[in-house]
Amino acid sequence: MSEITYVRGDATVPSVKGAKVIAHVCNDIGGWGKGFVLALSRRWPEPEAAYRAWHRDRARNDFGLGAVQLVPVGPHVWVANMIGQRGTRTGSKGVPVRYEAIDTALDRLAAEVIELGASVHMPRIGCGLAGGRWSRVEPLITERLVKRGIAVTVYDHGEDGG
């Protein structure tokens with residue numbers, strides 16, 4: 001069985017051939033403006049615009065914890081907006097990350113990625129501003145993606161995003 005590949009670099013610039021999905025974790029309150037999303041927005045306007053529209057129309061769609069939105073940003077490249085954190089601040093209920101929501105989102109993402117025949121590229125999702133621990137996230141990625149034969153590359157940048 002394959003494993004997660006770890007590289008140093010920018011997850012918004014995957015250097016592999018074929019179809020690619022860049023996956024990251026979003027919050028459930030419509031906020032986009034800190035962490036890894038800034039790198040995405042510097043490269044493409046579509047993921048932010050799609051996320052904001054998805055949140056704005058949430059009464060009529062599936063927006064919420066565990067949901068996934070695939071946004072095409074180029075030939076054979078998509079960004080997966082995955083709702084995996086409740087709010088943006090650490091409070092009485094702890095850090096914003098929601099491991100169950102990330103698990104559900106990864107499960108939903110797997111089906112899409114298999115259909116596209118794509119590889120998955122990501123920062124250490126849920127471990128930047130969301131406050132999660134990689135020791136809890138990594139097994140979810142292994143279970144939901146790697147065990148299904150999906151190639152996953154995790155990018156360590158100068159800053160943790162997610």
Side-chain angles (χ1 to χ4, degrees), residues 1-7 9-32 35-41 43-86 96-128 130 132 134 136-155 161-162:
M1 184 180 86
S2 61
E3 294 180 0
I4 297 170
T5 302
Y6 291 89
V7 299
D10 183 348
T12 69
V13 192
S15 59
V16 297
K17 298 214 182 304
K20 301 172 263 297
V21 173
I22 299 166
H24 72 111
V25 167
C26 303
N27 61 64
D28 66 347
I29 60 169
W32 181 290
F36 183 68
V37 299
L38 294 177
L40 288 173
S41 290
R43 285 190 61 81
W44 306 287
E46 296 90 348
E48 178 179 359
Y51 169 79
R52 291 190 185 282
W54 190 28
H55 176 262
R56 189 172 47 250
D57 299 333
R58 65 192 176 280
R60 293 179 296 283
N61 64 38
D62 67 345
F63 185 94
L65 287 171
V68 178
Q69 179 190 50
L70 267 187
V71 183
V73 294
H76 314 295
V77 182
W78 292 263
V79 170
N81 293 333
M82 302 187 301
I83 311 298
Q85 70 181 73
R86 164 82 66 205
V97 71
R98 292 295 178 266
Y99 298 109
E100 316 75 40
I102 290 175
D103 189 44
T104 300
L106 288 169
D107 190 44
R108 290 175 175 163
L109 178 65
E112 302 267 7
V113 168
I114 289 168
E115 199 171 298
L116 293 170
S119 55
V120 174
H121 306 266
M122 63 178 70
R124 291 186 187 236
I125 58 170
C127 298
W134 189 245
R136 298 262 322 261
V137 176
E138 185 183 43
L140 303 177
I141 294 166
T142 298
E143 188 63 34
R144 297 300 183 185
L145 303 179
V146 176
K147 284 188 176 176
R148 293 187 190 167
I150 297 167
V152 177
T153 304
V154 172
Y155 295 74

For Trp32 and Ser41, the nearest pair of non-hydrogen atoms, with its separation, is NE1-OG, 2.8 Å

Minimal heavy-atom distance between Gly84 and Ala101, with the atoms involved, is CA-CB, 4.0 Å

Rounded to the nearest 0.5 Å, the CZ atom of Arg98 sits from the CG atom of Asp103 at a distance of 14.5 Å

Taken to the nearest 0.5 Å, the spacing of Met82 CE from Leu106 CG works out to 5.0 Å

Interatomic distance, CG@Asp28 vs CD@Gln85, rounded to 0.5 Å, equals 8.0 Å

Rounded to the nearest 0.5 angstrom, the CG-CD1 distance for Leu109 and Ile150 is 7.0 Å

Anything under 3.5 Å between a donor and an acceptor, one on a side chain of residues 12-22, the other on a protein residue two or more places apart or in another chain? List them.
unit_1	atom_1	unit_2	atom_2	d
Thr12	OG1	Asp10	OD1	2.7
Thr12	OG1	Asp10	OD2	3.0
Lys20	NZ	Val16	O	2.9
Lys20	NZ	Gly18	O	2.9

The ring-ring contact (aromatic ring centres under 6.0 Å, His included) partners of Phe63 (sequence neighbours excluded) come to Tyr51, Trp54, His55

Shortest non-hydrogen pair, Val71 vs Ala50, comes out as CG2-CB, 3.6 Å

Residues pairing under salt bridge (Lys or Arg N to Asp or Glu O under 4.0 Å) where one sits in residues 59-79, two or more places apart or in two chains, turn out to be Asp57-Arg60

Those residues at least two apart in sequence (or on a different chain) that pass side-chain contact (heavy atoms from CB on, under 4.5 Å) with Ile4 are Tyr6, Glu138, Ile141, Thr142, Val146, Val152, Val154

In terms of heavy-atom contacts, Arg136 and Leu140 come closest through O-CG, 3.4 Å

Salt bridge or not for Asp107 and Arg148, using N-O below 4.0 Å?
-> yes

Residue pairs passing the salt bridge (Lys or Arg N to Asp or Glu O under 4.0 Å) test with at least one member in residues 73-84, sequence neighbours excluded, are none

So the side chain to side chain donor-acceptor pair (under 3.5 Å) pairs with at least one residue in residues 67-79 (sequence neighbours excluded) are Gln69-Asn81

Rounding to 0.5 Å, atoms OG1 (Thr104) and OH (Tyr99) come to a distance of 15.0 Å

CG (Leu70) and CZ (Arg108) are apart, to the nearest 0.5 Å, by 12.5 Å

Margin query: Would Val73 and Arg43 count as a side chain to side chain contact (heavy atoms under 4.5 Å, CB included) here? Give the steps.
Written below: CA-CA 9 Å; Val73 294; Arg43 285 190 61 81; over 6 Å; no

Nearest heavy-atom contact between Ala23 and Pro123 is O-CD, 3.5 Å

message = Working note: Glu46 + Val79, criterion side chain to side chain contact (heavy atoms under 4.5 Å, CB included); need CA distance, chi angles, decisive distance, verdict.
response = CA-CA 9 Å; Glu46 296 90 348; Val79 170; over 6 Å; no

Ala130 and Gly126 have their tightest heavy-atom pair at CB-O, 3.5 Å

Report task. Please test Glu48 against Val37 for side chain to side chain contact (heavy atoms under 4.5 Å, CB included), starting from the C-alpha separation and ending with a verdict. Result -> CA-CA 8 Å; Glu48 178 179 359; Val37 299; over 6 Å; no

